[in-house]
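Heads up, the thing below is written out as structure tokens.
Small disclaimer: the values here were computed from a predicted structure and weren't measured. Numbers restart at 1 for each chain; the letters A, B, ... are given by sequence-line order, proteins then strands.
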2 protein chains.
Amino acid sequence: MNRNSTLKDIAKLLGTTPATVSRALNDRSDISDKMKKIVAATARELGYNKNKVASSLRLGRTGTIGVIIPSAEQSFFGSVIHGIVNVAETLGYDVLIHQSNESYTLEEKGVHSLLAARVDGILASIARDTLDFSHFMMVKKKKLPLVFFDRVNASLGVTSVSVDDYSGAYKATEHLIKQGYRRVAHISGPDHIQIFRERMRGYIDALQANKKKYDASLIFPGNISIESGKAGMDYFLKLKDPPDAVFAVEDFTALGVIKELKDRNIKIPESFGVMGFCNALFGQHITPTLSTIDQQTILMGEEAFKLIYEMIVKGKNNKTQRIKNVILEAIPIIRQSSVKKK
Amino acid sequence: MNRNSTLKDIAKLLGTTPATVSRALNDRSDISDKMKKIVAATARELGYNKNKVASSLRLGRTGTIGVIIPSAEQSFFGSVIHGIVNVAETLGYDVLIHQSNESYTLEEKGVHSLLAARVDGILASIARDTLDFSHFMMVKKKKLPLVFFDRVNASLGVTSVSVDDYSGAYKATEHLIKQGYRRVAHISGPDHIQIFRERMRGYIDALQANKKKYDASLIFPGNISIESGKAGMDYFLKLKDPPDAVFAVEDFTALGVIKELKDRNIKIPESFGVMGFCNALFGQHITPTLSTIDQQTILMGEEAFKLIYEMIVKGKNNKTQRIKNVILEAIPIIRQSSVKKK
DNA sequence: TTGAAAGCGCTAACAT
DNA sequence: ATGTTAGCGCTTTCAA
């Protein structure tokens with residue numbers, strides 16, 4: 001590997017010193033234009049490319065942020081990464097990715113790898129299996145900028161971006177009621193995850209605000225899967241007074257509901273209404289198309305990076321950091337599965 | 001930010017030197033077990049976390065690889081990233097991500113950022129708009145390990161992993177013929193991208209191997225979108241002797257075909273057969289479910305990392321590198337849209 | 001088995 | 001406007 005050229009190489013060639021070359025390349029005001037030009041030309045000639053590793057060591061910052069997601073395979077996180085990386089590149093930051101695969105142990109390892117890499121900040125979406133948050137608290141204690149996105153935990157006092165799950169669920173439920181469905185049920189997600197609890201709360205409040213009685217038998221505990229959608233429908237249809245609409249905690253669950261209804265020849269949306277949550281890609285391609293709540297994934301990634309960027313920049317000036325919790329609007333996407341009214 | 005502890009801190013506390021502490025922590029054989037134990041204990045106590053930046057500068061390698069993809073938003077690339085990152089983590093590597101957003105300029109910038117970060121190798125999937133490959137040739141010239149995945153270019157002599165596009169297309173086309181469809185058409189992708197040319201070649205060869213005449217009017221030039229699927233069908237159905245099956249270059253195109261057929265009340269698969277390519281998630285949830293070719297995305301990511309890892313390790317020993325081109329099997333996933341026979 | 005010293009490439013403080 | 005010097009934290013060579 002033909003050695004990368006260094007400031008020293010350029011300096012030697014020009015009969016000057018590495019310090020001057022460094023200043024010239026960094027466009028410092030105390031260097032003459034003439035010198036800047038000749039340095040730039042020589043650098044180009046040698047194919048010089050700044051060694052960010054050395055620079056980072058010297059500066060005590062890396063211009064790199066770390067991201068921890070459950071899995072890049074889930075298209076939701078792919079979109080968020082897209083948003084994060086695009087803004088990061090624009091602002092000159094590199095992005096390191098780690099996956100927890102929903103495991104606490106891997107998440108914890110990921111945090112340590114990122115700390116070893118001396119990232120300037122960490123963006124994270126909490127793993128399903130994480131119940132102990134000491135690794136994140138350690139980051140916080142080190143005063144290293146930390147931002148949670150989507151899978152947040154309000155009790156930790158960490159800056160975050162998430163979608164307004166409560167209001168999204170509220171809107172979804174209310175939409176079904178306004179469409180004339182009499183009894184709106186809910187299939188929930190694992191209730192140790194805050195966002196799913198929020199969605200359930202939105203569902204319950206929307207019922208009560210619309211003078212529907214809250215009926216615990218109309219809530220089926222699911223686990224974010226097609227299967228729990230099917231199982232939920234199976235359960236609901238055996239009730240004495242079954243529901244005629246379901247607000248599912250996310251789109252796969254809603255898909256299970258639709259599959260089960262189709263198997264039983266129950267007409268959607270005429271006899272039964274369905275709303276999901278997530279705006280997964282497949283929703284617009286199935287029959288009937290799925291009404292859902294959009295989570296603004298790309299925007300979420302962009303906002304997450306902007307938040308951490310702000311923390312990094314402010315941290316330099318030793319300003320005190322206030323915890324911010326950005327809540328993105330949950331946007332109803334009304335398609336066929338929930339539109340009873342003509 | 002309470003300063004991270006260093007080898008020096010540990011050494012001072014133990015009345016020894018940074019060199020010894022370094023050796024102890026790196027489990028060198030020339031250090032006594034007693035010393036190793038006490039060093040480990042002190043390190044734990046201080047919450048010591050090796051500064052990878054300093055270590056990288058000294059060692060001349062970073063234990064980091066760079067990945068350039070068109071966009072993390074495409075679920076295909078999300079899956080590949082998943083595969084890459086998982087294997088990388090297992091082998092102790094960090095992963096830096098850059099996106100080209102299908103633009104040559106951003107791709108080129110990405111390569112330079114990764115070089116500045118002194119990554120130990122680069123994995124890349126070529127952007128749609130990239131016609132000039134000098135940035136990749138520069139990487140190759142530097143003898144920095146480089147592996148292409150999926151969007152490869154055979155003429156560049158770069159190690160790669162990709163799916164067997166030719167054989168996948170061949171199998172897809174032959175499957176449709178064997179199902180009894182008389183005239184099998186093809187909607188292609190941008191033909192400056194090699195994988196799409198390969199798929200067309202597979203289509204043509206399968207026709208001829210099965211004694212079907214190759215008819216240029218049965219190939220519609222598309223651009224990997226739902227719209228080109230629809231446009232293709234519109235064109236085909238106006239032909240004097242229209243086809244009764246389509247092999248679409250990828251699943252979105254196939255989805256467009258299906259939508260158009262449904263709009264015209266043409267029965268799938270009875271009157272018209274459809275095959276896609278990619279095995280996108282939505283294919284199993286639409287009606288009819290979509291027959292397609294699986295690309296083994298996660299495996300592709302895993303293989304890509306393994307290849308570059310091998311190159312990195314061998315490079316150290318100055319062994320000569322042979323260019324490898326790993327071709328993953330293209331696996332037909334037969335669902336409803338192509339099954340005419342009972 | 002351990003210590004002393006040097007250096008990876010960069011940048012900033014200080015000097016001129 | 002430029003040069004000198006030192007040091008970020010680690011690892012390795014050489015010496016003891």
Residue that, paired with [X], satisfies side chain to side chain contact (heavy atoms under 4.5 Å, CB included) out of [options]:
| X | options | value |
| --- | --- | --- |
| Ile122(A) | Ile65(A), Val67(A), Leu146(A), Leu96(A) | Leu146(A) |
| Tyr48(B) | Asn4(B), Leu25(B), Val39(B) | Leu25(B) |
| Val147(B) | Val152(B), Val326(B), Thr159(B) | Thr159(B) |

Measure from [atom1] on [X] to [atom2] on [N] and round the result to the nearest Å.
| X | N | atom1 | atom2 | value |
| --- | --- | --- | --- | --- |
| Asp27(A) | dA1(D) | CG | P | 13 Å |
| Lys36(A) | dT2(D) | NZ | P | 10 Å |
| Lys8(A) | dT4(D) | NZ | C1' | 15 Å |
| Arg61(B) | dG9(C) | CZ | C1' | 17 Å |
| Arg28(A) | dA12(C) | CZ | C1' | 8 Å |
| Lys37(A) | dA1(D) | NZ | P | 14 Å |
| Ile31(B) | dT12(D) | CD1 | P | 13 Å |
| Asn51(A) | dC8(C) | CG | C1' | 8 Å |

If only side-chain N and O atoms of Tyr48(B) are considered, is one of them under 4.0 Å from the OP1 or OP2 phosphate oxygen of dC10(D)?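 For dC10(D), OP1 or OP2 has a side-chain N or O of Tyr48(B) closer than 4.0 Å.
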
Quick one: is Lys34(A) getting a side-chain N or O under 4.0 Å of the dA1(D) phosphate, OP1 or OP2?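 For Lys34(A), the contact criterion (side-chain N or O under 4.0 Å from OP1 or OP2 of dA1(D)) is not met.
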
So if I take every side-chain heavy atom of [X] and compare against [options], which nucleotide ends up nearest?
| X | options | answer |
| --- | --- | --- |
| Thr20(B) | dT2(C), dG3(D), dC10(D) | dT2(C) |
| Ser55(B) | dC10(D), dC10(C), dT4(D) | dC10(D) |
| Asp30(B) | dC8(D), dT2(C), dC10(C) | dT2(C) |

Would you say Lys140(A) has more than 12 foreign heavy atoms packed within less than 6.0 Å of its NZ?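 More than 12 within 6.0 Å, yes.
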
So what does Ser22(B) touch, heavy atoms closer than 4.0 Å: a base, only the sugar-phosphate, or nothing? base

Scan Thr16(A) against the nucleic acid and name what it touches under 4.0 Å (heavy atoms): base, sugar-phosphate only, or nothing. sugar-phosphate

With nearest nucleotides of DNA chain C determined for Arg23(B) and Leu59(B) from heavy-atom distances, which residue corresponds to the more 5′ nucleotide?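 The residue closer to the strand's 5' end, by nearest nucleotide, is Arg23(B).
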
How do Ser32(B) and Arg118(B) order along DNA chain C: which one's closest nucleotide is nearer the 5' end?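 Per heavy-atom nearest nucleotide, the more 5' residue is Ser32(B).
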
So how far is it from Glu102(B) CD to Ser125(B) OG, rounded to the nearest 0.5 Å?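 Glu102(B) atom CD to Ser125(B) atom OG measures 8.5 Å (nearest 0.5 Å).
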
Check this for me: does the side-chain of Arg58(B) come within 3.5 Å of the base of dT13(D) through a donor and an acceptor?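 No, no donor-acceptor pair under 3.5 Å.
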
